[in-house]
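Being a predicted model, the structure only gives us computed values, none of them experimental. Per chain, numbering begins at 1; letters A, B, ... match sequence-line order.
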There are 2 protein chains.
Amino acid sequence: MKNNTNIENQEDKPEKKIIFDENSCPVTATMKVLGGKWKAILINAIYHTSPARFGELKRSVKGITQSMLTQQLRELEDDGIISRKIYAEIPPRVEYTLTEFGLTLSPIILSMAKWGKEYRIKKQNGMKH
Amino acid sequence: MKNNTNIENQEDKPEKKIIFDENSCPVTATMKVLGGKWKAILINAIYHTSPARFGELKRSVKGITQSMLTQQLRELEDDGIISRKIYAEIPPRVEYTLTEFGLTLSPIILSMAKWGKEYRIKKQNGMKH
DNA sequence: AATATTAGTATTATTTTTCATACTTACACA
DNA sequence: TGTGTAAGTATGAAAAATAATACTAATATT
């Protein structure tokens with residue numbers, strides 16, 4: 001009786017047959033909105049500096065390119081997270097704010113910020129596990 | 001006084017000069033651990049079926065390939081989120097569980113699951129905003 | 001008349017992620 | 001002797017994400 005193909009084991013550990021599907025997992029759904037290299041930091045930035053102008057975000061979010069910024073802001077807008085207000089001025093002025101729905105992300109953003117800080121500390125201390 | 005380059009406006013809306021840096025934003029740090037196509041659903045799956053065997057995950061997480069599964073599990077292990085227990089049996093048996101540190105992700109996972117569900121509803125209803 | 005300003009767009013490259021496929025190991029069982 | 005099993009590795013191809021660069025509009029200021 002050296003291996004696990006015996007009846008005892010098979011009966012002791014029946015397989016749990018829950019299915020996890022990309023298209024129905026609510027955590028994955030959230031990740032589709034917050035995922036990628038820039039969404040989280042952008043939401044965080046707008047959360048802290050709202051209303052945020054385009055150029056202001058371009059300067060404050062280090063490393064982002066103009067085209068990425070435009071693209072990511074559009075996607076967040078399409079997802080109903082932020083709103084875009086255009087002022088009919090020259091040169092143009094556009095202000096971004098979190099929508100009411102976007103603000104419902106707050107618990108996620110806050111818990112992620114908290115966790116991220118502790119993860120940093122753990123990494124600094126050598127990640128002994 | 002048609003545009004915003006007048007003194008009044010410049011004084012009314014001074015630029016907030018907070019800097020958001022990829023490498024120091026704690027939200028981005030968390031995203032590096034949870035991001036990508038499979039991490040969130042995997043954590044969720046292990047969270048619900050722990051201890052989870054490799055082949056069990058391969059069958060329950062729909063669409064994931066064997067090599068992706070291996071790779072993502074290794075990264076989660078390297079990040080201290082999950083632990084891998086190998087049983088010296090033939091055929092092999094390997095069980096994955098969330099570590100104590102991995103369990104500290106629970107508030108994030110739970111708030112993301114909750115939000116994801118509401119987002120789905122909003123999308124179904126046509127996303128009027 | 002030339003230059004600066006803001007918030008973009010368009011296009012092409014490069015990098016990163018993900019996928020598909022074939023291969024491996026050690027033993028049990030037919 | 002050959003086949004099945006679980007948990008992988010290795011390799012190259014394809015797809016997706018991100019970056020780099022150049023361009024635009026309308027007006028104000030110099």
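Taking atom CD1 on B:I90 and atom C1' on D:dT3, their separation rounds to 16 Å, with Å as the unit. We find that CZ of A:F54 is positioned 6 Å from C1' of C:dA7, with the value rounded to whole Å. A:L57 has its CG atom 9 Å from the P atom of C:dA7, to the nearest Å. Note: CG (A:L69) to C1' (D:dA19) measures 14 Å, nearest angstrom. Per the geometry, CG belonging to A:L73 stands 11 Å off P belonging to C:dA7, to the nearest Å. Rounded to an integer number of Å, the gap from CD of A:E89 to P of D:dA28 is 12 Å. The CD atom of B:E95 sits 9 Å away from the P atom of D:dA7 (whole-angstrom rounding).
Salt bridge status for B:E56 with A:K17: absent, with no side-chain N to carboxylate O gap under 4.0 Å. Look at B:K39 and B:E75 and you find a salt bridge, because one of the NZ, NE, NH1 or NH2 atoms lies within 4.0 Å of a carboxylate O, short of that distance.
A:R93 forms a cation-pi arrangement with A:Y87, by the criterion of a distance under 6.0 Å to the ring centre and an angle within 45° of the ring axis.
Aromatic pair B:F101/A:W115: centroids less than 6.0 angstrom apart.
No donor-acceptor pair closer than 3.5 Å links the side chain of B:T104 to the backbone N or O of B:E100. Under the 3.5 Å distance criterion, the side-chain polar atoms of B:D21 are matched with a main-chain donor or acceptor of B:N23.
Heavy atoms of B:R74 sit under 4.0 angstrom from primed sugar atoms or phosphate atoms, though from no base atom. Counting non-hydrogen atoms under 4.0 angstrom, A:R84 reaches the backbone sugars and phosphates but no base.
Distances shorter than 4.0 Å separate none of the side-chain N or O atoms of A:R93 from OP1 or OP2 on C:dA7.
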Reading 5' to 3' through nucleotides 15-20 of chain C, protein heavy-atom contacts under 4.0 Å coded B for base, S for sugar-phosphate only, - for none: ---BSB
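Comparing atom distances between the B:P92 side chain and each of D:dA6, C:dA26, C:dT6 picks out D:dA6 as nearest.
Looking only at side-chain heavy atoms (C-beta outward), B:F20 and A:T49 come within less than 4.5 Å of each other.
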